[in-house]
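Scroll down for the structure; my scribbles are underneath it.
Heavy atoms only: backbone and side chains are in, while hydrogens, waters and symmetry mates are out. One-based numbering, in listed order, for ligands and for the atoms of each.
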Amino acid sequence: MVKIVVEGDASGAAARAAALVADHLGAHPRPVLGLATGETMRPLYRHLVALHRAGRADFAHATTFNLDEYLGVGADHPAGFAAFMRACLFDHVNLDPARTHLPRGAAPDPCAEAARYEAQIAQAGGIGLQLLGLGQNGHIGFNEPGSDFASVSRVVTLTEATRQANARAWAPAPVPLRAITMGIATILAAQSCVMLATGAAKAPALARMTGGAIAEGCPASALRLHPDMTLILDAEAARGLAAA
Ligand code: GLP
């Protein structure tokens, strides 16, 4: 059962998602957040930082796990997701850096790193609230179409479409071919999931996610199996619901 919230514009949708994160932080003594990257998340994190500055989002006891990281990319790489998270959130709130986690893209043995990451999430007690964006091809994290719903954290190969969608952050360098991502089962194991999707470009993927078959061809459709899933949209993205 998916709860759907539609706001008029992208900023309103991001604010609504940020408020859910702040509520989660306030309601749990040791919150564990699953975090996402992507352009859609930037306004969400801006709102979250503003809530923190207003005294309404306390990260003092929080632990975070990001969905994914490019393979071969170390924490200091400017186009990597670790740098994205520092710039958008970590550097602006009272999160202990030692409790922020991303897959180590530059680990010498990436498969072992993926297994270690999955175990680390379990050791933290699992994810309480998982934030998600939506790929235009229906991917979540870097779980591309065809990903097994039983998949856990692992090394994946990116599709050409995903590499193109993320090319701007990398130009003029090519986007890496592979990544480490939480699996679909890892995501579905979170106590609650919140997806933020905004803009007309996401409408077709939303139509497939909400109205098509629950099947590997659209990884985001797996979220319809989650017992506590909230989908937050702006009006443009929500046009995909009508098409579903
Ligand atoms: C990347 C991330 C996804 C994210 C997607 C959408 O591929 N791995 O987690 O959902 O981008 O990004 P954007 O918000 O930029 O459209």
Side-chain angles (χ1 to χ4, degrees), residues 9-11 13-14 16-18 21 33-48 64-73 77 79-85 87-89 101-103 105 114 117 121 127 129-147 151 153-171 174-184 186-188 190 193-206 208-209 218-223 229-234 236-238 240:
D9 61 14
S11 179
R16 190 73 176 252
V21 177
L33 299 176
L35 300 178
T37 53
E39 294 307 306
T40 312
M41 294 296 143
R42 288 185 192 273
L44 188 163
Y45 293 135
R46 277 199 292 274
H47 284 290
L48 202 48
T64 69
F65 289 93
N66 264 79
L67 282 166
D68 45 20
E69 181 59 282
Y70 294 104
L71 210 68
V73 169
H77 194 295
F81 291 153
F84 176 100
M85 289 310 304
C88 290
L89 184 69
H101 306 283
L102 290 95
Y117 196 65
I121 293 169
I127 289 166
L129 183 147
Q130 176 68 56
L131 281 179
L132 295 157
L134 177 63
Q136 290 180 33
N137 64 357
H139 75 230
I140 48 175
F142 271 140
N143 293 283
E144 298 280 29
S147 295
S151 57
S153 299
R154 68 204 187 286
V155 176
V156 292
T157 300
L158 302 179
T159 63
E160 191 50 37
T162 293
R163 292 180 66 237
Q164 271 173 26
N166 291 331
R168 209 174 51 166
W170 286 85
V175 180
L177 295 166
R178 295 191 294 164
I180 297 175
T181 184
M182 284 186 199
I184 294 183
T186 321
I187 293 168
L188 291 179
C193 289
V194 175
M195 174 181 279
L196 177 63
T198 57
K202 298 294 168 73
L206 280 160
R208 290 195 300 279
M209 171 187 168
C218 181
S221 68
L223 295 166
M229 160 70 191
T230 305
L231 179 55
I232 305 182
L233 308 173
D234 69 350
E236 286 191 347

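Around atom 8 (N) of ligand 1, the closest heavy atom drawn from Leu158, Leu134, Leu67, Asp68 belongs to Asp68.
For atom 12 (O) of ligand 1, the nearest protein heavy atom (residue, atom name, distance) is Gly38 CA, 3.8 Å. The protein non-hydrogen atom at the shortest distance from atom 15 (O) of ligand 1 is Glu39 N, 2.8 Å. Of the protein's heavy atoms, Gly141 O, 3.5 Å lies nearest to atom 3 (C) of ligand 1.
Between Lys202 and Glu236 no salt bridge is recorded (no basic side-chain N to carboxylate O distance below 4.0 Å).
In this pair, Trp170 and Tyr70 present their aromatic rings perpendicular. The plane angle is above 60°, beyond the 30 to 60° band.
Using a 4.0 Å cutoff on heavy atoms, Ala36 does not count as a contact of ligand 1. Residue-ligand proximity: Lys202 is placed with a non-hydrogen atom under 4.0 Å from ligand 1. His139 counts as a contact of ligand 1, since one of its heavy atoms falls under 4.0 Å from the ligand.
Ligand 1 places these atoms under 4.0 Å from at least one heavy atom of Thr37: 4 (C). The distance from ligand 1 to the heavy atoms of Asn166 drops below 4.0 Å at these ligand atoms: 1 (C), 7 (O), 11 (O). Close contacts of ligand 1 with Thr40, meaning ligand atoms under 4.0 Å from a residue heavy atom, involve 13 (P), 14 (O), 16 (O). Shown in contact with Gly133 at under 4.0 Å from a heavy atom are these atoms of ligand 1, numbered in order with element: 10 (O).
For the side chain to side chain contact (heavy atoms under 4.5 Å, CB included) with Met195, the lone residue among Thr230, Leu131, Thr40, Ile140 that qualifies is Ile140.
Environment of CZ in Arg178: sparse, with no more than 12 heavy atoms of neighbouring residues, nucleotides or ligands closer than 6.0 Å. More than 12 heavy atoms of other residues, nucleotides or ligands sit less than 6.0 Å from atom CZ of Arg208.
Annotation: ring-ring contact (aromatic ring centres under 6.0 Å, His included) contacts of His101 (sequence neighbours excluded): Phe65. For Ala238, the side-chain contact (heavy atoms from CB on, under 4.5 Å) partners two or more places apart in sequence, or in a different chain, are Val6, Leu233, Leu241.
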